[in-house]
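Written below as structure tokens is the structure these notes are about.
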Amino acid sequence: MPAVLRVALPVPLPTLFDYLPAASGRADVGSRVLVPFGKGKAVGVVVETNVESAVGHARLKRVLKVLDDGPLLDAELMATLARAADYWLGAPGEAYANALPLALREDRPLPDLREEAWALTAAGQSALDAGSRRGGSRALLEALAPGPVTAELLHELLPGWRDAARRLDEAGLIERTGVAGAAPLPTSTPPELMPEQRQAVDTIAASLGQFQSFLLDGVTGSGKTEVYLALIEQVVAQGKQALLLVPEIGLAPQTVRRVRDRLGVAVEVLHSNLAEGDRARAWLRARSGEAKVILGTRSAVFTPLPHAGLIVVDEEHDGAYKQQEGFRYHARDLALLRARALDVPVVLGSATPSLESLANVQAGRYRALHLRARPGAIRAPQVQIVDMRAQRLEHGLSPALLAAVADTVARGEQALVFRNRRGYAPVLLCHACGWHAECPRCEHPMTLHAGRRQLICHHCDYTARLPAQCPACAAPDLKPQGQGTERLEEALAAQFPEVPVLRIDRETTRRRDAFEQLLESLHEDRPAILVGTQMLAKGHDLPNLTLVAIVGVDEGLHSVDFRASERLSQLVVQVAGRAGRARKPGRVLLQTHHPDHPLLRQLLAQGYAAAAATLLDERRSVQLPPYGHQVLLRAEAHQREHVDAFLVDAAHALAGAPLQLAGPMPAPMPLRAGRHRGQLLIEAETRSALHTALRPWYRMLSTLPSARRVRWSLDVDPVDLY
DNA sequence: AGCACGCCGACT
DNA sequence: GTCGGCGTGCTC
């Protein structure tokens, strides 16, 4: 009986595929193989050798080619990926595919990692000795005499050397080689650490070489980054690697500069905007151990770390760590899995830790470290509530708020008005007959975008032209209701004609580096008013910003989403943290119709930690994550009936399992590009019940007759991994 | 996910 | 007459 190979292929099916071994070349676990698949070919990863196949040998096809001599994915990554696919109930093939950069999922040799350089051949050496060449060629031969020289250096030494290089290369006198890139020299020195920072560094450093999770809880500007850098410095000094995850690319450039300047080691940056070739090279340099520090977003959690020393997840509460399509993993939790497999400490940092992490601290699974002191000794700004009930509002802005903005710009400082709604107005209403613009696909109210003269459904992206009159009664009396960032921008520009008003949301920052440029212009010491969505909440330094006005958080107080209160609290604290970061004191206003709401009261009076503790208690009492356990079964298809049929089938199939459907089944909703999505919320009282029930059920789902017509996935809410 | 097959509408 | 729309089924 031939030894069969089990291969993971990048397909969203809960199946692995069996193949007969290649005619030549032995494949190990973790090696890539090229296999026939369907009518074409595919690159897969060997997950098992010598397996007993359930498929008849007559039907088994043969591996076409073994692409790697040894494993490309090491044993740790293979094991962690298998665990992750199992934990998040993902298609195993997709999990392995996620780990490999796209450029490495092709039938091509691995890219050369070395820097381009040129060297003399034996023939070249004799030609140099004989002095047989003249001019540029001779100069190039002489330049290469001491040893290989990089192309970069040749550009400086001999401008126009390429012509000579081409001639000498053709004559066989020189050859292209590569040299390892040289590490840059550190250009900045570490600052003196504050006592709390010092203590955090020492505590974590004492765990180097073993697995331990830490929650580094520090307010904005308390110097978390310095703690990371000090730790990474120690790790690198031991010859080990550090992985630093950040929620988004926007934050990476300033961090990467800081890390490079400080450490003077090879730092690789990985994010989704990177060209595939660059991404593959960075990944491979991490695999070779050449890269000492790997800094990246969500997907960088799959980087191989043969000499791992430390993993850091910055802003661990950030939702960007959750992958929303394909293999639905959570990078923060995957980082924990990897740290455990690699036997290294993992540090989760945040000013507003997720309730999951706080629960893990309470359970004794994470050690909490606190940073309170703000270096530079500027006190965190106090948040003041502006009661907007019975106030005369100017486009949704209260007199108190406008007065504060006026004061700020009069002092030559900058103000930020934060509103979590894009567009001009969330509703367009006919004042004559009560008609309002509704999306024909989802029956959601459509948002008015005045600049584009369009109505856009923020739910499914359906767009329509802005009607000049009411489509129902033909009255020319259409009134925008409510305020989006676009309308606030207009209102503020009208109120403060002499001050530049900048709007920052998805619409104005579409263009690459438009965001960077906008922020750059704000570094100048001039008055300005910013209007923006949560893009502005993330850790950008705005030294001249002294007033933050938060408008319209009221929706978040009454949302049905059980995470809404948590996110609202984090948002308020993070946005407030933008005020008064440098030498000037900051002021924060929160405008609301519910000044007595208990969450707001507690958040403002006692701070995030107290509010989070209350929210956590509430979740515990009603068994919501991180205490109860939930899975969302999502189905998507072009036809609404297909989504319905699948969900009904799934609900029937579920009837025998030790799980409950939570609540009635909502009707499938239209989605962008004319697709419909429906979902089923499944709950269990314990995690083990959920998982033991779901694993076999997951395979069964794919066998349902209706499963073929929809794209479905299970969204496992990150709970705990113990 | 890709990809092929297959069955009905509007064009050279 | 065929090009091509997407609905359906399959991949060791």
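Every chain is numbered from 1, with letters handed out A, B, ... down the list of sequences. Reckoned from all heavy atoms, side chains included, excluding hydrogens, waters and symmetry mates.
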CD/A:Q324: more than 12 non-hydrogen atoms of other groups inside 6.0 Å
yes
Counting only heavy atoms from other residues, nucleotides and ligands, does the tally under 6.0 Å from CZ of A:R62 exceed 12?
yes
Could you run down the sub-3.5 Å N/O contacts of the protein with nucleotides 9-12 of chain C?
{"unit_1": "C:dT11", "atom_1": "O3'", "unit_2": "A:G38", "atom_2": "N", "d": "3.2"}
{"unit_1": "C:dC12", "atom_1": "OP1", "unit_2": "A:Y19", "atom_2": "OH", "d": "3.2"}
{"unit_1": "C:dC12", "atom_1": "OP1", "unit_2": "A:P36", "atom_2": "O", "d": "3.3"}
{"unit_1": "C:dC12", "atom_1": "OP2", "unit_2": "A:K61", "atom_2": "NZ", "d": "2.7"}
{"unit_1": "C:dC12", "atom_1": "O3'", "unit_2": "A:D18", "atom_2": "O", "d": "2.7"}
{"unit_1": "C:dC12", "atom_1": "O3'", "unit_2": "A:K61", "atom_2": "N", "d": "2.8"}
{"unit_1": "C:dC12", "atom_1": "O2", "unit_2": "A:D18", "atom_2": "N", "d": "3.3"}

Pair up each side-chain donor or acceptor in residues 89-98 of chain A with any protein partner under 3.5 Å, not counting sequence neighbours, and list the distances.
none

What class does the angle between the rings of A:H330 and A:Y321 fall in, given that below 30° is parallel, 30 to 60° is tilted and above 60° is perpendicular?
tilted
For the pair A:F327 and A:F302, name the ring-plane relationship: parallel under 30°, tilted 30 to 60°, perpendicular over 60°.
tilted
List the residues meeting side-chain hydrogen bond (donor to acceptor under 3.5 Å, both in side chains) with A:R105, not counting sequence neighbours, and say none if there are none.
none
Please list, chain by chain and in numerical order, all residues satisfying side-chain hydrogen bond (donor to acceptor under 3.5 Å, both in side chains) with A:D69, sequence neighbours excluded.
none
A:R298: partners by salt bridge (charged side-chain N to carboxylate O under 4.0 Å, His left out), with sequence neighbours left out
none
Review item, nucleotides 5-7 of chain B N/O atoms under 3.5 Å of protein N/O:
none

Quickly work out the A:K41 NZ to B:dG2 P distance and round it to whole Å.
18 Å
